[in-house]
Amino acid sequence: MSARIDFYESDVAMKVAKYLNSAGRALADTSLPAATQELVRIRASQINGCGFCLDMHTKDAAAAGETQQRINLVGAWREATVYTDAERAALELTEEGTRLADGSGVSDETWANAAKHFDEEQLAALVGLIAVINTYNRLNVITQQPAGDYQPGQFG
C-alpha cells in the first residue's frame with residue numbers, strides 16, 4: 001500500500017500538518033494525564049479505522065510505559081477492569097465525540113460524567129484532543145497512509 005499523497009512533498013499538506021502538530025503540542029502541555037491522552041487517541045483511531053494512528057499511538061503508549069493489557073483492551077473499555085473512572089469518562093466522551101453522525105452527538109450525561117473527573121482546562125484539552133485526533137485520522141484514512149513502520153518518537 002502506498003499513500004495517495006506524500007505529505008512531505010506537498011506544500012499545502014505540510015502547512016496543514018504544521019498547524020495540527022502545533023495544536024497537538026499545546027495539548028501535550030496541559031494537565032490532562034498523558035496516559036488518558038494516548039487512550040483517547042487509540043480509541044478514536046480504532047473507531048475511524050486509522051491504521052497509521054493506531055500504529056503510532058499504541059507504540060507511543062507502550063514506549064511511555066503503558067501496559068500491553070490496557071492498550072489491547074481499549075476497544076472493550078466498558079468490560080475491562082483496568083481503567084479508572086476518569087479514563088472511562090474520557091473514553092465515553094471520545095466515542096460520542098467521534099461518532100457525531102451516528103446520533104445525538106455528545107449527551108448531557110456523558111458531558112456531566114466527564115466534568116466530574118476533569119476540571120475546565122482538562123475538559124478543554126480533552127475536547128481539543130478528540131478534535132485533533134479525528135482530524136489526523138481523516139487525513140490519514142482519506143490519503144491511505146500505510147501503517148506498520150512507525151518508530152516511537154519519530155515525529156518529535
Side-chain angles (χ1 to χ4, degrees), residues 1-84 86-102 106 114 118 121-156:
M1 178 179 197
S2 60
R4 290 175 171 161
I5 294 175
D6 182 343
F7 275 87
Y8 298 104
E9 296 295 320
S10 167
D11 290 337
V12 171
M14 285 303 295
K15 285 179 186 176
V16 169
K18 174 184 171 183
Y19 289 113
L20 279 175
N21 291 339
S22 292
R25 279 191 295 279
L27 296 166
D29 294 337
T30 68
S31 64
L32 185 65
T36 301
Q37 291 191 40
E38 285 301 343
L39 294 173
V40 164
R41 290 182 185 109
I42 292 167
R43 186 63 190 126
S45 299
Q46 288 173 332
I47 292 166
N48 290 321
C50 184
F52 185 89
C53 288
L54 277 170
D55 183 39
M56 176 188 297
H57 295 297
T58 56
K59 288 175 179 176
D60 283 347
E66 189 61 78
T67 67
Q68 199 61 53
Q69 181 184 37
R70 283 171 44 91
I71 293 169
N72 291 345
L73 290 173
V74 171
W77 63 269
R78 284 179 179 80
E79 295 82 20
T81 60
V82 296
Y83 304 107
T84 67
E87 290 168 338
R88 290 171 177 285
L91 290 166
E92 183 177 40
L93 185 62
T94 300
E95 287 188 0
E96 289 187 17
T98 298
R99 293 183 165 136
L100 294 174
D102 290 352
V106 175
F118 300 103
E121 289 300 309
Q122 291 170 322
L123 285 169
L126 190 53
V127 169
L129 178 63
I130 293 165
V132 168
I133 192 58
N134 273 278
T135 302
Y136 277 122
N137 291 163
R138 282 151 177 76
L139 289 172
N140 290 323
V141 170
I142 292 167
T143 62
Q144 295 183 342
Q145 297 300 313
D149 296 329
Y150 177 79
Q151 298 299 314
Q154 176 178 331
F155 296 122

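Open room surrounds CG on Asp149; 12 or fewer heavy atoms of other groups in view lie less than 6.0 Å from it. Residue Gln144 qualifies as enclosed at atom CD: its count of foreign heavy atoms under 6.0 Å is above 12.
We find the CD1-NE2 distance between Ile71 and His57 to be 12.0 Å, quoted to the nearest 0.5 Å. Interatomic distance, CZ of Arg88 versus OG1 of Thr94, reported as 13.5 Å (0.5 Å rounding). From Leu123, atom CG reaches atom CG of Leu129 across 12.5 Å, with rounding to the nearest 0.5 Å.
With hydrogens and angles disregarded, a donor-acceptor distance shorter than 3.5 Å links the side chain of Lys59 to the backbone of Gly148. Proximity of a side-chain donor or acceptor of Gln145 to a complementary backbone N or O of Gly51 within less than 3.5 Å is not detected. The closest donor-acceptor contact from the side chain of Gln37 to the backbone of Leu32 lies under 3.5 Å. Judged by distance alone, the side chain of Gln122 and the main-chain N or O of Ser31 form a donor-acceptor pair under 3.5 Å. Side chain of Tyr150 to main chain of Leu54: no donor-acceptor pair is present (N/O by atom type, distance under 3.5 Å, no hydrogens or angles).
The side-chain heavy atoms of Tyr83 and Thr36, taken from C-beta on, include no pair separated by under 4.5 Å. In this structure, the side chains of Glu121 and Thr30 stay at 4.5 Å or more apart for every pair of heavy atoms. A heavy-atom distance below 4.5 Å is not found between the side chains of Glu87 and Val82.
Among residue pairs with one or both ends in residues 17-46, those qualifying as salt bridge (Lys or Arg N to Asp or Glu O under 4.0 Å) are Glu38-Arg41, Arg43-Glu95; sequence neighbours excluded.
Residues passing the side chain to side chain donor-acceptor pair (under 3.5 Å) test with Asn134, sequence neighbours excluded: Asn48, Thr98, Arg138. For Glu79, the side-chain contact (heavy atoms from CB on, under 4.5 Å) test picks out Ala76, with sequence neighbours left out.
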task: Could you check Leu20 against Leu139 for side chain to side chain contact (heavy atoms under 4.5 Å, CB included), going step by step and ending with a plain yes or no?
output: CA-CA 11 Å; Leu20 279 175; Leu139 289 172; 3.4 Å; yes

